[in-house]
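To find a chain, count down the sequence lines: A is the first, B the second, and so on, and within it residues start at 1.
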There are 2 protein chains.
Amino acid sequence: MAKRESNVDRVYEALRRMAADFAFKPDQRINESALSEVLGASRTPLREALNRLVAEGFLTFQINRGFFCRPLTPSYILDLYEARVAIECEALRIACLRAPNADIMAFSDYLDRLEPEYESATELEELLTLDESFHSRLVQLSGNSELQRMLKNLNGRIRYIRLIDLKRMRDQAEGRAPGDVSAHRQVLQGLEARDVEAATRALRNHIEKRREEATEAVRIAFSQLYVPDED
Amino acid sequence: MAKRESNVDRVYEALRRMAADFAFKPDQRINESALSEVLGASRTPLREALNRLVAEGFLTFQINRGFFCRPLTPSYILDLYEARVAIECEALRIACLRAPNADIMAFSDYLDRLEPEYESATELEELLTLDESFHSRLVQLSGNSELQRMLKNLNGRIRYIRLIDLKRMRDQAEGRAPGDVSAHRQVLQGLEARDVEAATRALRNHIEKRREEATEAVRIAFSQLYVPDED
DNA sequence: GAATTCCAAACTGTATACAATCTTGAATGC
DNA sequence: GCATTCAAGATTGTATACAGTTTGGAATTC
């Protein structure tokens with residue numbers, strides 16, 4: 001009977017989804033009154049949610065001018081992916097050193113179970129969710145809540161970069177990249193052998209490769225998308 | 001003439017300082033009305049600032065019960081320091097690979113210039129600021145804004161753990177630890193040689209050593225501090 | 001005396017009003 | 001034309017009011 005989720009939480013989640021789904025254009029000013037009507041809440045809880053998103057780096061804020069969608073520059077994308085390498089590789093290192101065998105085996109089972117889904121997935125969202133969950137489960141193995149929190153934040157902000165990347169991959173080659181699964185397996189093998197060097201090397205290579213592709217995909221998408229301003 | 005800082009920013013900074021200076025006891029409920037009077041602002045901007053702090057992990061929030069100061073458990077401290085290792089070691093790695101020589105030399109000069117201050121500093125706050133700025137300048141060398149943002153956040157939350165640690169060190173041994181300076185020099189030497197392995201090894205050891213001491217210091221401080229509840 | 005119920009006070013959640021500031025575009029001068 | 005000024009409208013900033021919820025303790029029951 002008791003409410004479990006606050007209105008601010010609901011608004012916050014809705015905004016995060018909107019941000020991940022291109023509802024705001026980069027550098028676009030966000031109109032609080034209009035948005036509060038769309039979301040069915042007054043400006044007070046809306047602004048509380050917007051402040052959370054600013055603190056998390058999704059949006060920016062200028063005094064007396066309000067909230068803005070963050071622009072998507074190549075150097076920003078580089079920063080985000082490098083931060084992912086930092087978080088994930090250290091988490092993997094910790095997992096190699098002290099994750100229980102049972103947890104590693106469960107992770108391996110999970111990968112086995114999902115491989116067919118990976119092969120058959122047709123929806124971009126589905127592929128994206130599978131990939132994200134591999135990485136976030138990996139970080140969970142470290143048992144470190146701060147690393148998990150940081151990865152969750154990065155994933156949220158990288159999400160639509162990934163979508164652009166996946167879209168391009170699908171359009172380009174009909175034979176969809178099985179590269180992810182094999183890269184993931186390679187990381188797992190290092191982890192199972194408790195070989196920090198091998199595991200982190202594989203993970204670092206995987207993420208950096210993805211970064212290069214994603215940067216290029218975003219560059220191309222933007223050069224096609226933002227020709228004039230279609231207002 | 002134009003205001004450069006919003007009221008929310010001012011309130012936010014004041015709250016961060018309060019959090020770092022033990023103004024809130026762990027697990028303490030924060031009374032919005034009382035706090036808004038102290039800070040000279042109404043509840044609306046106060047709550048916006050509090051929401052930022054929740055997003056950054058300084059405080060927690062429960063629906064219909066409000067905001068709470070985060071408790072300081074050993075596993076939380078471990079998580080924070082491990083996250084620092086992740087951020088700082090990757091930043092150092094990047095700096096080894098691509099920071100300009102001029103920047104590294106400037107960093108070295110900076111360390112030379114501050115060494116005497118390190119030796120003469122008597123105030124805990126002063127020592128703390130010196131140590132924090134070594135680490136944040138190191139991360140600046142990577143040129144990655146996300147890593148800088150993450151470290152800033154971690155430093156803010158670790159600040160009072162460090163204070164407890166430094167206080168204990170001062171009380172314990174009159175000959176104050178010169179260990180920091182020499183550890184910092186060792187990291188710098190690795191960086192100057194562009195030796196990723198040597199540099200990150202030194203940095204990792206330094207942070208992990210600090211973590212062990214800090215965890216112990218907090219354990220002792222809390223066992224002395226929270227005997228009953230002194231209301 | 002211990003457990004339970006219930007009520008009043010305290011507190012949080014949010015809509016709203018209004019002041020302060022910015023934006024836009026028309027009018028003006030060059 | 002082009003730049004400048006100015007005012008009306010739009011938008012943000014925040015105090016306040018009030019509804020909804022929780023809290024703490026007095027009253028009640030066993």
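Considering only residues two or more places apart in sequence or on other chains, B/Q140 meets the side chain to side chain contact (heavy atoms under 4.5 Å, CB included) condition with B/Q148. Taking A/N153 as the reference, A/E56, A/F58, A/R157 meet the side chain to side chain contact (heavy atoms under 4.5 Å, CB included) condition, with sequence neighbours excluded. Remark: B/N155 pairs with B/R162 by the side-chain hydrogen bond (donor to acceptor under 3.5 Å, both in side chains) rule, at least two apart or across chains.
The nearest whole Å value for the distance from the CD atom in A/E37 to the P atom in D/dT11 is 12 Å. Distance B/R29 CZ to C/dC11 P: 8 Å, rounded to the nearest Å. Rounded to a whole Å, the CG atom of A/L50 is 16 Å from the C1' atom of D/dT14. Rounded to whole Å, the distance from CZ on B/R47 to C1' on C/dC11 is 11 Å. A straight line from CG of B/L46 to P of C/dT14 spans 15 Å, rounded to a whole angstrom. In this structure, B/N7 places its CG atom 18 Å from P of C/dA19, rounding to the nearest Å. When the P atom of C/dC11 is taken as reference, atom CD of B/Q28 falls 13 Å away, rounded to whole Å. Here the C1' atom of nucleotide C/dT12 and the CD1 atom of B/I63 are 10 Å apart, to the nearest Å.
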Would you please test A/Y81 and A/T215 for side-chain contact (heavy atoms from CB on, under 4.5 Å) and show each step? CA-CA 10 Å; A/Y81 275 82; A/T215 308; 5.9 Å; no

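Backbone-only contact: A/I30 has heavy atoms under 4.0 Å from sugar-phosphate atoms and none from a base. When heavy atoms are screened at a 4.0 angstrom cut-off, B/F67 is found touching no nucleic acid atom at all.
Neither OP1 nor OP2 of C/dA20 sits under 4.0 Å from any side-chain N or O of A/N64.
Ion pair B/E216/B/R219 flagged as a salt bridge, since at least one NZ, NE, NH1 or NH2 atom sits closer than 4.0 Å to an Asp/Glu carboxylate oxygen. Taking the charged nitrogens against the carboxylate oxygens, A/E32 and A/R43 do have a contact shorter than 4.0 Å, which makes a salt bridge.
Nucleotides of DNA chain C nearest to A/R65 and A/V8 differ in position, and the one nearer the 5' end is that of A/V8.
Between A/H135 and A/H184, the ring-plane angle classifies as perpendicular under the 30° and 60° cut-offs.
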List, with names and distances, any nitrogen or oxygen atoms from the protein found under 3.5 Å away from nitrogen or oxygen atoms belonging to nucleotides 5-10 of chain D.
none

Listing time: all N or O pairs from protein to nucleotides 16-20 of chain D that are below 3.5 Å?
residue	atom	partner	partner atom	Å
D/dT16	O4	B/T44	OG1	3.3

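Here the side chain of B/N51 pairs a donor or acceptor atom with the backbone of B/R47 at under 3.5 angstrom.
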Which side-chain N or O atoms in residues 90-102 of chain A pair as donor and acceptor under 3.5 Å with protein atoms at least two apart or in another chain?
residue	atom	partner	partner atom	Å
A/E90	OE1	B/R204	NH1	3.4
A/E90	OE1	B/R204	NH2	3.1
A/E90	OE2	B/R204	NH1	2.9
A/R98	NH1	B/E82	OE2	2.8
A/R98	NH2	A/S142	O	3.3
A/R98	NH2	B/E82	OE1	3.4
A/R98	NH2	B/E82	OE2	3.2
A/N101	OD1	A/R194	NH2	2.9

